[in-house]
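First the structure, in the form of structure tokens, and then the observations on it.
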Amino acid sequence: MGILEKISEIEKEIARTQKNKATEYHLGLLKAKLAKYRAQLLEPSKSASSKGEGFDVMKSGDARVALIGFPSVGKSTFLSLMTSTASEAASYEFTTLTCIPGVIEYKGANIQLLDLPGIIEGAAQGKGRGRQVIAVARTADVVIMMLDATKGEVQRSLLEKELESVGIRLNKHKPNIYFKPKKGGGISFNSTVTLTQCSEKLVQLILHEYKIFNAEVLFRDDCSPDEFIDVIVGNRVYMPCLYVYNKIDQISMEEVDRLARKPNSVVISCGMKLNLDYLLEMLWEYLALTCIYTKKRGQRPDFTDAIILRKGASVEHVCHRIHRSLASQFKYALVWGTSTKYSPQRVGLTHTMEHEDVIQIVKK
């Protein structure tokens with residue numbers, strides 16, 4: 001029996017098992033086995049790789065956004081509208097067959113946008129280049145899930161299921177569980193909260209399934225068995241996702257209003273160029289980027305060339321971005337902007353910068 005058949009058997013078993021107190025251990029073990037087989041499925045085959053067209057694109061710009069969706073939802077049209085890159089768009093499915101990069105220039109930042117080929121059901125098992133598409137998506141900072149507003153709900157749940165099965169967790173935080181395998185001493189289990197979904201016995205069963213017999217486990221949150229399995233496997237990617245419903249010109253106003261009110265969702269129409277500016281604003285928020293401007297002594301700030309950093313970046317990060325030796329020669333910095341109590345304020349390396357701050361660095 002191959003891995004795909006084993007996965008299919010376990011999924012059927014989980015579907016037909018009633019969820020109650022008596023079956024929680026059985027279900028926990030099944031989920032651990034399922035995660036194990038899926039991890040094996042994603043591992044590249046040991047045989048020599050077939051020579052072919054390269055799929056991944058070199059990372060460039062200040063952030064990377066992956067555009068994922070079923071065929072013919074408007075991904076290529078969206079890429080052509082947002083960037084200067086022309087991606088072939090047509091009314092038939094699978095127009096895009098490889099990864100096409102484009103660059104969105106917004107608020108001084110260069111955001112790399114990747115138009116990936118359409119995903120089909122069963123992509124995680126390798127259907128329709130699905131595995132390569134998902135592998136590229138794992139390298140992105142934010143995923144834009146493009147959905148057809150006329151059939152968005154079905155597409156959304158299918159895509160979420162495909163990404164979930166390959167270890168991409170959308171709009172979720174990393175489980176607050178401390179886990180450390182040891183050489184000996186058995187399994188020491190503790191929790192700082194009351195656990196309603198996991199018990200010590202279930203944790204031990206899951207660990208034994210992974211051939212782990214000595215480990216330290218500390219639950220700091222009331223996490224589910226699935227989240228604990230994610231911590232053991234350790235290769236999960238937690239990333240923000242923006243659900244974009246395209247073709248809103250083909251549905252009623254009530255439906256548009258309902259979709260727009262859903263969390264992490266934006267409604268647009270590429271055909272009529274509706275709401276694209278709001279989508280860019282949302283994308284900027286999800287990427288959590290900040291622009292920092294520099295200033296030389298006795299000169300005006302340079303507003304033409306911003307330094308783009310992640311939210312929460314410190315003066316030290318700014319120094320490293322300008323030159324790697326600057327932090328070691330750093331004396332103090334003068335900062336103008338919302339991160340200071342008064343302008344200019346004299347600050348040290350640990351000071352946290354905010355969007356559109358101006359900085360002047362003084363060396364020793």
Point-to-point distance, once rounded to the nearest 0.5 Å, from [atom1] of [X] to [atom2] of [Y]:
X	Y	atom1	atom2	result
M353	S314	CE	OG	9.0 Å
Y245	K262	OH	NZ	4.5 Å
I268	L274	CD1	CG	9.0 Å
L279	L81	CG	CG	11.0 Å
I308	C291	CD1	SG	3.5 Å
C241	K172	SG	NZ	12.0 Å

Of all residues at least two apart in sequence or in a different chain, which pass the side chain to side chain donor-acceptor pair (under 3.5 Å) check with [X]?
X	answer
Q360	K295
E13	R16, H26
T194	none

Is R258 salt-bridged to E255, going by a charged N under 4.0 Å from an acidic O?
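A salt bridge is present here (some side-chain N lies under 4.0 Å from a carboxylate O).
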Under the side chain to side chain contact (heavy atoms under 4.5 Å, CB included) criterion, do V217 and L207 qualify, and how do the steps go?
CA-CA 10 Å; V217 180; L207 286 171; 4.1 Å; yes
Quick one: which residue pairs count as a salt bridge (Lys or Arg N to Asp or Glu O under 4.0 Å) with a foot in residues 220-234, not counting sequence neighbours?
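Counting only pairs at least two positions apart or across chains, the salt bridge (Lys or Arg N to Asp or Glu O under 4.0 Å) contacts touching residues 220-234 are K31-D226, R169-D230, D230-R236.
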With sequence neighbours left out, which residue pairs that include part of residues 344-361 fulfil the salt bridge (Lys or Arg N to Asp or Glu O under 4.0 Å) condition?
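Pairs touching residues 344-361 that pass the test: none.
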List in chain and number order the residues that pass ring-ring contact (aromatic ring centres under 6.0 Å, His included) with Y178, two or more places apart in sequence or in another chain; answer none if no residue qualifies.
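ring-ring contact (aromatic ring centres under 6.0 Å, His included) list for Y178, sorted by chain: empty.
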Would you check if [X] and [Y] make a side-chain contact, meaning some heavy-atom pair closer than 4.5 Å?
X	Y	value
F228	I232	yes
L205	E209	no
I212	F179	yes
V318	I307	yes
S265	M282	no
S325	Q329	yes
L29	L27	no
R64	L113	no

Is a side-chain N or O of N246 found less than 3.5 angstrom from the main chain of L147, in a donor-acceptor match?
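Not at all, since once roles are kept as given, no pair shorter than 3.5 Å links the two residues.
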Any donor-acceptor pair under 3.5 Å from T290 side chain to L309 backbone:
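Yes: the side chain of T290 pairs with the backbone of L309.
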Contact list for residues 264-285, test ring-ring contact (aromatic ring centres under 6.0 Å, His included), sequence neighbours left out
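Sorted result for residues 264-285: Y106-W284, W284-H355.
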Can you name the closest pair of heavy atoms from [X] and [Y] and give their distance?
X	Y	answer
Q155	V73	OE1-CG1, 3.6 Å
Y210	A32	OH-O, 3.2 Å
F213	I187	O-CG1, 3.6 Å
G185	N214	N-OD1, 3.5 Å
I229	A35	CG2-CB, 3.4 Å
N171	P240	OD1-CA, 3.3 Å

With a 6.0 Å cut-off on ring centres, are Y238 and H173 close enough?
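That pair fails the under 6.0 Å test.
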State yes or no: do [X] and [Y] share one hydrophobic cluster built from I, L, V, M, F, W and Y residues joined by side-chain heavy-atom distances below 4.5 Å, directly or via other members?
X	Y	answer
L334	I359	no
L114	L280	yes
V315	V358	no
I361	W336	no
M145	V154	yes

Residue list, side chain to side chain contact (heavy atoms under 4.5 Å, CB included) with S191, at least two apart or on another chain
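In terms of side chain to side chain contact (heavy atoms under 4.5 Å, CB included), with neighbours along the sequence ignored, S191 is linked to L195, F219.
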Could I get the full list of side chain to side chain contact (heavy atoms under 4.5 Å, CB included) partners for K247, not counting sequence neighbours?
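Testing K247 for side chain to side chain contact (heavy atoms under 4.5 Å, CB included), a comparison that skips the adjacent residues, returns D148, D249, Q250.
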Could you work out, with salt bridge (Lys or Arg N to Asp or Glu O under 4.0 Å) as the rule, every residue matching [X], not counting sequence neighbours?
X	answer
K363	none
K107	none
R310	D141

Test side chain to side chain contact (heavy atoms under 4.5 Å, CB included) applied to E316 and T350, step by step:
CA-CA 7 Å; E316 192 171 0; T350 54; 5.7 Å; no
Is a side-chain donor-acceptor pair under 3.5 Å present for E160 with Y243?
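Yes, E160 and Y243 have a side-chain donor paired with an acceptor closer than 3.5 Å.
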Is a donor from one side chain sitting under 3.5 angstrom from an acceptor on the other, for N264 and Y286?
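There is such a pair (donor and acceptor under 3.5 Å, judged by atom type) between the side chains of N264 and Y286.
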Test V267 against D257 for side chain to side chain contact (heavy atoms under 4.5 Å, CB included), laying out the working first.
CA-CA 9 Å; V267 290; D257 186 53; over 6 Å; no
